[in-house]
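Dropping a structure here in C-alpha cells format, bear with me for questions.
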Number of protein chains: 2
Amino acid sequence: MKPNTISEPNINVALKEIQDFSKIAVSVDCVIFGYDGKNLNVLVLESDMDPYKSQWSLIGDLVSPDEDLDQAALRILRERVGFTDVYLEQVKSFGSLTRHPLGRVITVSYYSLISKVDHMPSAVLPLPAKWVNVYDIKKMAFDHKEILDAALDRLRKRVRYIPIGFNLLDPEFTLSQLQNLYESILNQTLDKRNFRKKITAMDFLTDCHKFQQEVAHRPAKLYKFDIEKYHALEASGFVFEL
Amino acid sequence: MKPNTISEPNINVALKEIQDFSKIAVSVDCVIFGYDGKNLNVLVLESDMDPYKSQWSLIGDLVSPDEDLDQAALRILRERVGFTDVYLEQVKSFGSLTRHPLGRVITVSYYSLISKVDHMPSAVLPLPAKWVNVYDIKKMAFDHKEILDAALDRLRKRVRYIPIGFNLLDPEFTLSQLQNLYESILNQTLDKRNFRKKITAMDFLTDCHKFQQEVAHRPAKLYKFDIEKYHALEASGFVFEL
DNA sequence: TTATATTTGTGTGAAATCAACACTAACGCA
DNA sequence: TGCGTTAGTGTTGATTTCACACAAATATAA
C-alpha cells in the first residue's frame with residue numbers, strides 16, 4: 001500500500017493525447033419494463049448476430065458523438081420502439097473485453113418503465129420485438145441477461161423508495177392492480193390489508209370517484225397518482241417507503 | 001407512443017460498422033474515500049488543465065483497449081496512488097457533451113474505500129494529491145463535484161445494507177470509532193447505546209481481548225470484523241442493516 | 001496522592017410500526 | 001336466484017425504534 005509517484009500527466013490533470021480514441025465504442029442498452037396487468041415484462045429483440053443468433057437481446061445502439069448518454073437512451077426508445085415521455089434511469093456500465101463479438105464495446109445500461117403494455121401487443125411492435133415475462137428469461141445474447149438482472153435489481157430497490165411504479169400502470173388504476181404490480185416487481189406476495197393501509201396512509205392518491213367497468217365481480221374504485229401532492233409531501237420531509 | 005419500424009439493424013441485432021469508433025474516449029474516475037478517525041476524506045489532485053487550473057479533480061485515466069472497466073479502476077488506484085486490495089464499486093457513467101475540454105470523453109465513476117488514512121498523510125502521497133474533508137468540497141474541476149456527490153450518495157446507501165464501512169478502519173477498532181465513522185458518512189449523529197445494541201446484536205464482531213493503548217481516558221475494547229462469520233450469517237438469511 | 005477531564009460501557013420503558021388474520025359487499029353470469 | 005369472483009375493511013399481539021443518565025477506567029496536572 002505504498003504510494004508511487006505520478007509519472008505522467010493524466011486526463012484530469014494535464015494535456016494528454018486522445019486522438020487515437022482508444023478504439024473503444026460506446027453503446028447504450030435499454031431494459032424496457034412493461035406491465036400487462038399480470039406479469040412484469042421486458043421488451044426484447046431477436047438477435048441476428050453470431051454467435052447469439054435467435055437469442056433475445058436488449059434494445060440498444062451506439063452512442064453518437066453529438067448526444068449525451070441520456071439523449072442516446074431516449075433516442076433509442078423513440079427510434080426503435082416509438083416510446084416517448086418514459087421514466088428512464090441509468091443503471092451501470094458493462095465493459096468486459098469480450099462482451100461484444102464485433103469489437104470492444106462498452107455499454108451503458110438504462111431501464112425504463114412503460115405503461116399500457118396491454119395496449120401495445122407485440123403485433124403492433126416492430127416485428128422481432130416482443131414482450132417477455134421477466135421471470136421466463138433464463139438466457140440472453142451477449143451479457144444482456146446480466147444487464148437485465150442488474151436493471152431488475154435496481155428497479156426493485158428504487159420502487160420501494162420512490163413512487164415510480166405508477167409509470168407502469170394506466171393513469172387510473174385500482175389498489176389491487178397497484179398491489180399486483182408491486183408483487184410482480186418484488187416477486188413476493190403482499191398482505192392486502194397492510195398494503196392498502198400503507199398506500200392510503202401516504203396521501204398522494206386521488207379518488208377518481210369512478211369504478212372499474214365491465215368486470216365480472218365487484219368493481220373496484222379507481223385512483224390516480226397525484227404527483228404534485230407527492231412533491232408537496234416530499235418537500236415537507238415525507239419519504240415514500242413501501 | 002406509436003412504435004416506429006426498425007429501419008436499420010442495430011448493434012445488438014446484426015452487423016453494423018463500428019470502424020469509426022465514434023470518436024468517443026472512455027475514462028474511469030475514482031472517488032477514493034478515506035477516514036482519518038475524525039472526518040470522511042476524499043483524495044483529490046490539483047488540475048493543471050484549463051479552464052480548471054488549480055481546482056481539485058478526481059483521480060482518473062483513459063480506459064485502454066485491453067482492460068475492462070474494473071481493471072482500469074484498479075490500475076488507476078495502483079499506478080496513481082499505490083493502493084491495492086481496496087474495496088471498489090462502480091457508481092455510474094457521465095457523458096455530457098461538454099464535460100471534458102479535450103473532447104468527447106465518457107467517464108465511468110467508481111468509489112473505493114481506504115483504511116489507515118492517518119498512516120498515509122499527504123506528505124507521503126505523490127505531491128499534488130491531497131486528502132480533503134468531503135464536506136469542505138464545494139466545487140471541483142470538470143463535473144467531478146457531481147461525480148463525488150453521486151459516489152457519496154451511493155456510499156451512504158450501501159453502508160447501511162452491507163458492512164463495507166470496516167474497509168475504512170484499521171483491522172482492530174473500537175465501537176466508538178465505528179460509530180464515528182458511520183456518523184461521518186451519514187452526516188448525522190447516532191445514539192450510542194442504540195448503535196452498540198444493533199451492532200453487537202449482529203454477531204460478526206470478534207472481541208480482540210485487547211484495549212486501546214495510550215489514551216487519556218478509559219481505554220476501549222478492540223474489535224475485529226469477522227468476514228467469515230458475516231458470510232455464514234448472510235448465507236443463513238441474515239441481512240445487515242443499520 | 002488526589003482531583004480533574006475525558007471517554008467507555010451499560011438497560012429500561014414508552015411509542016410506533018409491523019405482521020397476521022376472516023368476513024361481508026358488489027358485481028356478472030348461468 | 002344462486003354462484004363465482006374480487007373488493008374492501010380493523011384489531012391485536014409481537015417487534016422494533018427511540019429517548020434517555022450515570023458509574024467505571026484511564027492519563028494528566030495539581
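The model shown is predicted, which means the values in this text are computed figures rather than measured ones. Residue numbering restarts at 1 for every chain, and letters A, B, ... go by the order of the sequence lines.
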request  = Provide, to the nearest angstrom, the distance between the CZ atom belonging to F195(A) and the P atom belonging to dC18(C).
outcome  =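 Checked: the CZ to P distance equals 14 Å.
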request  = Select from S176(A) and D191(A) the residue whose nearest nucleotide in DNA chain D is closer to the 5' end of that strand.
outcome  =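 Final value for this comparison: S176(A).
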message = Base of dA21(D), side chain of R193(B) - is there a donor-acceptor contact under 3.5 Å?
response =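 Indeed, a donor on one side and an acceptor on the other fall under 3.5 Å apart.
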request  = Quickly work out the K198(B) NZ to dG9(C) P distance and round it to whole Å.
outcome  =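 After rounding, the reported distance stands at 20 Å.
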request  = Let me know the distance between CG of N194(A) and P of dT11(D), rounded to the nearest Å.
outcome  =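 Spelled out: CG on N194(A) to P on dT11(D) is 14 Å.
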query = Any idea how Y111(A) and Y87(A) line up, ring-wise: parallel (<30°), tilted (30 to 60°), or perpendicular (>60°)?
reply =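 Ring orientation of Y111(A) relative to Y87(A): tilted.
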ask   = Is D153(A) salt-bridged to K92(A), cutoff N-O under 4.0 Å?
value =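 The answer is no: the pair does not qualify as a salt bridge.
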ask   = Between dA7(D) atom C1' and Q177(A) atom CD, what is the distance in whole Å?
value =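 Between C1' of dA7(D) and CD of Q177(A): 12 Å.
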ask   = Nearest heavy-atom pair of K145(B) and I137(B): which atoms, and what distance?
value =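 Residues K145(B) and I137(B), closest heavy atoms: CE-O, 2.9 Å.
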request  = Enumerate the residues from residues 211-225 of chain B whose closest heavy atom to DNA chain D is under 4.0 Å, giving them by residue number; use none for an empty result.
outcome  =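 Under 4.0 Å from DNA chain D: V215(B), A216(B), H217(B), R218(B), P219(B).
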query = Is it the case that more than 12 heavy atoms not belonging to K224(B) sit under 6.0 Å from its NZ atom?
reply =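 No, the 6.0 Å shell around NZ holds no more than 12 heavy atoms from other groups.
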query = Aromatic ring centroids of F225(A) and F173(A) under 6.0 Å?
reply =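 Centroid distance F225(A)-F173(A): not below 6.0 Å, so no.
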inquiry  = Between the side chains of K221(A) and D207(A), is the shortest nitrogen-to-carboxylate-oxygen separation below 4.0 Å, so that they form an ion pair?
reply    =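 Yes, D207(A) and K221(A) are salt-bridged.
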key: Plane angle bin for F240(A) and Y182(A) - parallel if under 30°, tilted between 30 and 60°, otherwise perpendicular   =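 It falls in the tilted class, 30° to 60°.
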query = Counting only N and O atoms by type, is there a donor-acceptor contact under 3.5 Å from the side chain of Q177(A) to the main-chain atoms of G37(A)?
reply =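 Answer holds: no.
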inquiry  = From CZ of R196(B) over to P of dC18(D), roughly how many Å is that when rounded to an integer?
reply    =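 Rounding to the nearest Å, CZ of R196(B) and P of dC18(D) are 18 Å apart.
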Enumerate all atom pairs, one protein N or O and one N or O from nucleotides 13-16 of chain C, separated by less than 3.5 Å.
none

key: For atom CG of L175(B) and atom C1' of dT10(C), their distance in whole Å   =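 So the CG-C1' distance, L175(B) to dT10(C), works out to 12 Å.
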ask   = Given atom CD of E183(B) and atom P of dT7(C), what is their separation to the nearest angstrom?
value =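 Taking atom P of dT7(C) as the reference, CD of E183(B) is at 13 Å.
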ask   = Looking for any heavy atom pair under 4.0 Å, which part of the strands does T174(B) touch: base, sugar-phosphate only, or nothing?
value =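 Touches nothing.
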inquiry  = Could you tell me how far apart K192(A) (NZ) and dT24(C) (P) are, to the nearest whole angstrom?
reply    =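 Answer to the nearest Å: 14 Å.
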task = Might you point out which heavy atoms bring V108(B) and S93(B) nearest each other, and give the distance in Å?
result =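 Shortest heavy-atom contact: CG2-OG, 3.6 Å.
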